[in-house]
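Treat the numbers as computed from the prediction; the structure is a model and nothing was measured. Proteins come first, then strands; the chains are lettered A, B, ... in the order of their sequence lines, and each starts at number 1.
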Amino acid sequence: MSITGIRGFNDILPEECAVWRRIEDEAVRVFTAFGFSEIRLPVVEKTELFLRSIGETTDIVEKQMYTFSDRHGESLALRPEGTAPLVRAYIEKRLYAASPATRLFYMGPMFRYERPQKGRYRQFHQIGAEVLGTESPMADAEALKMLETLFVSLGISGVEIEINSLGCPRCRPAYKEELKGFLADKTERLCDNCKGRIGKNPLRALDCKTPGCLTATHGAPAVSDFLCDACGGHFKGLRSALDMLGVAAKVNPRMVRGLDYYTRTTFEVTSGAGTLGAQNAIAAGGRYDGLVEELGGPATPCFGFAIGMERLALLVDRNRVEKRPLVLFLAMGDGAGEKGVEVAARLRDAGLRVVADYAEGSLKSRMKRADRMGAGYVIILGEDEIREGVLTVKDMTTGAQEKIAQDKIPALIKGRSQGAQA
RNA sequence: GUGGACGUAGCUCAACGGUCAGAGCACUGGACUGUGGCUCCGGUGGCUGGGGGUUCGAGUCCCCUCGUCCACCCCA
């Protein structure tokens, strides 16, 4: 076998790229309308950045990061997510100085060493957006509205938004203790995984789907009952803002996220569509009010989310890919090939999408190919046309054809395809 | 990291341990000298993922390995 690609690292082929392109274009359009600006960040960062942001005991850091030493022995990592690098840049480039609230979005590859499966790959792609510098629950609500707007514009339906509040460093410890107390006499029922993390992060048990953990956590106290006044008010503000914006979100008091930096609002967007396999989360995020300060910046409350590109692509309608009509230019006979590429170039200058076909073969087989390539029009340049100083244009959908002067072709094709679309 | 299913032509899949591994689609040529879609006829295309073993004989059975898929775990 010759050299193959790496497990979990996929080639995105042209057909799939058309879908991705559509998603990306739509995301740029929607996010821009909400006042977000694009930022492009490196794919590699110092390992320490992720240790300090995501949390040293999270699965991502413990077993999913691609880390390596560079030639000077410094530990670097392929980014497993986009928020930490963005916050690093925000602090390093002092973006907070420009305006009180900064809205940024990014898209690109992320890397996690996991066992690949449907909707889960070692190199995967995210589109993310972050609002930095505002504590207002309106920011959370608007970001969710933005997400919903994107999904609608992509024709995706049947998604469910779940929200929760995890509280803040002031109120969460009390809840943690309460939960630990509740689980204390039920530890035996927890799965090994949850037994291990009960000390550090007992909240994870709420999210666990193993039967034992489900029964053990049944009737457990809810975070929402332990929120401090400020967090409770924030969560209430979020819910009423969502109502106002017409965003349907369900409160799920058991939803816990896997990254340590989340505070207050967390959310997850899932789809019931079977095409997603077991990975039903297509977007998720939340508030991380302490992260910027934690990483050495000024205290800056933030909200952000990331969308899983591969998963979203599984949900978009493949049949609706925008296409300008393709014109296939066929030249036949001595010298016609050269003349052909030149005429094709002029037609492109006039705004048409033209492929010059100078392959061998009978006209019949070349017509057949043109048809299979999806050509809307075929232009033929052969001996007859050269002699008469015209080109033959055939409309492949109607089958009609006519001989016409070269400079009249763009108008003819544009006129017809516009008429056809209307 | 754990468990399961599966690797045969570019794609989807056949072939009881027994001739030369087949079919459909795709590609290509022709029937139809410069006109596509339909039909018919021909052609190209395979180290049966790789390695080892059992057997007179292996695509088929056994072991190893690589890969894919599914699930757990985790997450987007």
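Look at G37(B): it lacks any Watson-Crick or wobble partner with both distances under 3.5 angstrom. In this entry G7(B) has C66(B) as its Watson-Crick or G-U wobble partner, both defining distances falling under 3.5 Å. In this structure G46(B) sits in no base pair that meets the Watson-Crick or G-U test at under 3.5 Å. Base-pair partner of A14(B): not found among the strands shown (Watson-Crick or G-U wobble, both distances under 3.5 Å). Look at C72(B): its Watson-Crick or wobble partner, with both distances under 3.5 angstrom, is G1(B). Across the strands present, G57(B) finds no partner; the criterion is a Watson-Crick or G-U wobble pair with both atom distances under 3.5 angstrom. Judged by Watson-Crick or G-U wobble contacts below 3.5 Å, the nucleotide C20(B) has no partner.
One finds a salt bridge joining E160(A) and K250(A) here, because a Lys/Arg side-chain nitrogen approaches an Asp/Glu carboxylate oxygen to under 4.0 Å.
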Using atom names, set out every protein N or O paired with an N or O of nucleotides 69-72 of chain B below 3.5 Å, distance rounded to 0.1 Å.
| from | atom 1 | to | atom 2 | distance (Å) |
| --- | --- | --- | --- | --- |
| C70(B) | OP2 | K118(A) | N | 2.4 |
| A71(B) | OP1 | A278(A) | N | 3.1 |
| A71(B) | OP2 | Q117(A) | NE2 | 3.2 |
| C72(B) | N4 | R120(A) | NH2 | 3.3 |

Between protein and nucleotides 38-48 of chain B, what N or O pairs are separated by less than 3.5 Å?
none

Short heteroatom pairs, N/O only, protein and nucleotides 8-13 of chain B, under 3.5 Å:
none

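With hydrogens and angles ignored, no donor-acceptor pair under 3.5 angstrom links the side chain of Q401(A) to the base of G36(B).
Looking at heavy-atom distances under 4.0 Å, I282(A) makes contact with sugar-phosphate atoms alone, never a base. Within the 4.0 angstrom heavy-atom criterion, base atoms lie near G399(A). At the heavy-atom level, A370(A) lies nowhere under 4.0 Å from the strands shown.
Comparing C75(B), C74(B), G34(B) by their closest approach to the side chain of R112(A) singles out C75(B). For E385(A), the listed nucleotide lying nearest its side chain is G34(B); candidates were G36(B), G34(B), A76(B). Nearest nucleotide to the N280(A) side chain, out of G37(B), C75(B), A76(B): C75(B).
Listed pair S362(A) / G30(B) meets the phosphate criterion, a side-chain N or O lying under 4.0 Å from OP1 or OP2. Contact between the side-chain N/O atoms of R257(A) and the OP1/OP2 oxygens of A76(B) is found at a separation under 4.0 Å. At least one side-chain nitrogen or oxygen of R369(A) sits closer than 4.0 Å to the OP1 or OP2 atom of U28(B).
Expressed to the nearest 0.5 Å, how far CZ of F50(A) lies from CD of E45(A) amounts to 5.5 Å. Rounding to the nearest 0.5 Å gives a distance of 12.5 Å between SG of C302(A) and OH of Y96(A). The CZ atom of R287(A) sits 16.0 Å away from the CZ atom of R257(A) when rounded to the nearest 0.5 Å. With rounding to the nearest 0.5 Å, the separation of CG in L76(A) from CG in L49(A) is 11.5 Å. To the nearest 0.5 Å, atom CD1 of residue I386(A) and atom CD of residue E383(A) are 7.5 Å apart.
With both ends at atom P, the span from A9(B) to A23(B) equals 14 Å, rounded to whole Å. Taking atom P on both C6(B) and A14(B), the two are 11 Å apart, rounded to the nearest angstrom. Straight-line distance between the P atoms of A58(B) and C66(B): roughly 26 Å, to the nearest whole Å. G59(B) and G46(B) are spaced 11 Å apart, taking the C1' atom of each and rounding to whole Å. If you take atom P in C73(B) and the same atom in U2(B), they sit 16 Å apart, rounded to whole Å. Between C27(B) and G10(B), the two C1' atoms lie 9 Å apart (nearest whole Å). Here, G53(B) and U60(B) have their P atoms 14 Å apart, quoted to the whole Å. The P atoms of C25(B) and G37(B) are separated by 14 Å, rounded to the nearest whole Å.
Following rounding to the nearest Å, F329(A) (CZ) and U35(B) (P) show an atom-to-atom distance of 18 Å. Here the C1' atom of nucleotide G36(B) and the CD1 atom of I380(A) are 10 Å apart, to the nearest Å. A straight line from OH of Y106(A) to C1' of A76(B) spans 10 Å, rounded to a whole angstrom. Atoms CG (L363(A)) and C1' (U35(B)) sit 5 Å apart, rounded to a whole Å. With rounding to whole Å, M367(A) atom CE is found 16 Å from U33(B) atom C1'. D59(A) has its CG atom 9 Å from the C1' atom of C75(B), to the nearest Å. The separation between R79(A) atom CZ and A76(B) atom P is 15 Å, rounded to whole Å. Between the P atom of G37(B) and the CZ atom of R366(A) lies a distance of 16 Å, rounded to the nearest Å.
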### Task
Please assess S53(A) against V87(A) for the test side-chain contact (heavy atoms from CB on, under 4.5 Å), listing each intermediate value before the final yes or no.
CA-CA 9 Å; S53(A) 55; V87(A) 168; over 6 Å; no
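K339(A) and L381(A) make their closest contact through CG-CD2, 3.5 Å (heavy atoms, listed as atom of the first residue, atom of the second, distance).
Judged by a 6.0 Å distance limit and a 45° cone about the ring axis, R264(A) is not positioned over the six-membered ring of F235(A).
The aromatic rings of F303(A) and F267(A) sit parallel to each other, their planes meeting at less than 30°, with 60° as the upper class boundary.
Ring-centre distance between F31(A) and F105(A): below the 6.0 Å cut-off.
A donor-acceptor contact closer than 3.5 angstrom is absent between the side chains of E162(A) and T270(A). Y288(A) and E130(A) share a side-chain donor-acceptor pair at under 3.5 Å.
Counting heavy-atom neighbours within 6.0 Å of E48(A) CD, excluding the residue itself, gives a total of 12 or less. Surrounding NZ of K180(A) are more than 12 heavy atoms belonging to other residues, nucleotides or ligands, all under 6.0 Å away.
When the nearest nucleotides of RNA chain B are assigned to E81(A) and F9(A) by heavy-atom distance, the more 5′-ward of the two goes with F9(A). Between A375(A) and Q64(A), the residue whose closest nucleotide on RNA chain B is further toward the 5' end is A375(A).
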